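Working notes for the structure below.
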Amino acid sequence: MPPHLHPIKVERFDVPAQTNTDPKGNVRPVEVYRVEPWGLYMARPADHHEFGYVESWILPSRHLRVTIFHYRPGHERDMDRYVDVGEYWRDGDVWHSRDHYLDLLVRTGRGTAVEDVDELFAAVAAGLLDTDEAELAVLRAFEAVDGIAAHGHDVDAWLASVGLPISWR
């Protein structure tokens, strides 16, 4: 595996236990879970050096996870929403994610950028994703970009227009 390529990131969101198991296997306490028929909202503290709090919406029907990172002073980024493309599903009260490498960086009202295309190609070359999964990831990413752009580069407005009204803390 090339040095910059990481294994597919998988996470577990255990609603009754109020925990989130991150891609490295660390179990994190969750302050808020909110289950909707179309998705799962999670808010929790983070012990990351760049951000101290994270909020996410898991949206299985769109194959997306939309996140707001609350950056620490000096680590702010020029983006409002971070969108992961992948597979997201629910098994009873436990939700799961399997990242497909592509990310969207949304600068509300200004633009949306697709990131990590090189990682997607490297993952296919390394056999971590097959070509069908990669093709679906690209199609899903660009469907999201089209929807977000059509709503003034506002991911929240786009999602509301397709029946997924998300809200944040």
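Keep in mind the model is a prediction, meaning the values are calculated, not measured.
Residues passing the side-chain contact (heavy atoms from CB on, under 4.5 Å) test with Ala150, sequence neighbours excluded: none. Among residues two or more places apart in sequence or in another chain, the salt bridge (charged side-chain N to carboxylate O under 4.0 Å, His left out) test is passed with Arg62 by Glu143. Annotation: side-chain contact (heavy atoms from CB on, under 4.5 Å) contacts of Pro16 (sequence neighbours excluded): Asp14, Asp93. Residues meeting the ring pair (Phe, Tyr, Trp, His ring centres under 6.0 Å) test with Tyr53, sequence neighbours left out: His70. Qualifying side-chain contact (heavy atoms from CB on, under 4.5 Å) partners for Asp47, counting only residues two or more places apart in sequence or in other chains: Arg28. Remark: His96 engages Trp89 in a ring pair (Phe, Tyr, Trp, His ring centres under 6.0 Å) (not counting sequence neighbours). Residues forming a ring pair (Phe, Tyr, Trp, His ring centres under 6.0 Å) with Tyr101 (at least two apart in sequence, or on another chain): His6. With sequence neighbours excluded, no residue forms a ring pair (Phe, Tyr, Trp, His ring centres under 6.0 Å) with Trp95. Residues meeting the side-chain contact (heavy atoms from CB on, under 4.5 Å) test with Arg77, sequence neighbours left out: Glu50, Tyr71, Met79.
Pairs of residues two or more places apart, or lying in two chains, that qualify as side chain to side chain donor-acceptor pair (under 3.5 Å) and include a residue from residues 120-137 are Arg98-Glu133. Counting only residues at least two apart or in different chains, salt bridge (charged side-chain N to carboxylate O under 4.0 Å, His left out) contacts with residues 144-164 comprise Arg81-Asp156.
Counting only N and O atoms by type, the side chains of Asn20 and Arg44 include a donor and acceptor under 3.5 Å apart.
The hydrophobic cluster of Leu136 has no other members, since no ILVMFWY side-chain heavy atom comes under 4.5 Å of it.
A salt bridge does not link Arg169 to Glu31: none of the charged nitrogens lies less than 4.0 Å from a carboxylate oxygen. Using a 4.0 Å cut-off between charged side-chain N and carboxylate O, Asp78 and Arg110 make a salt bridge.
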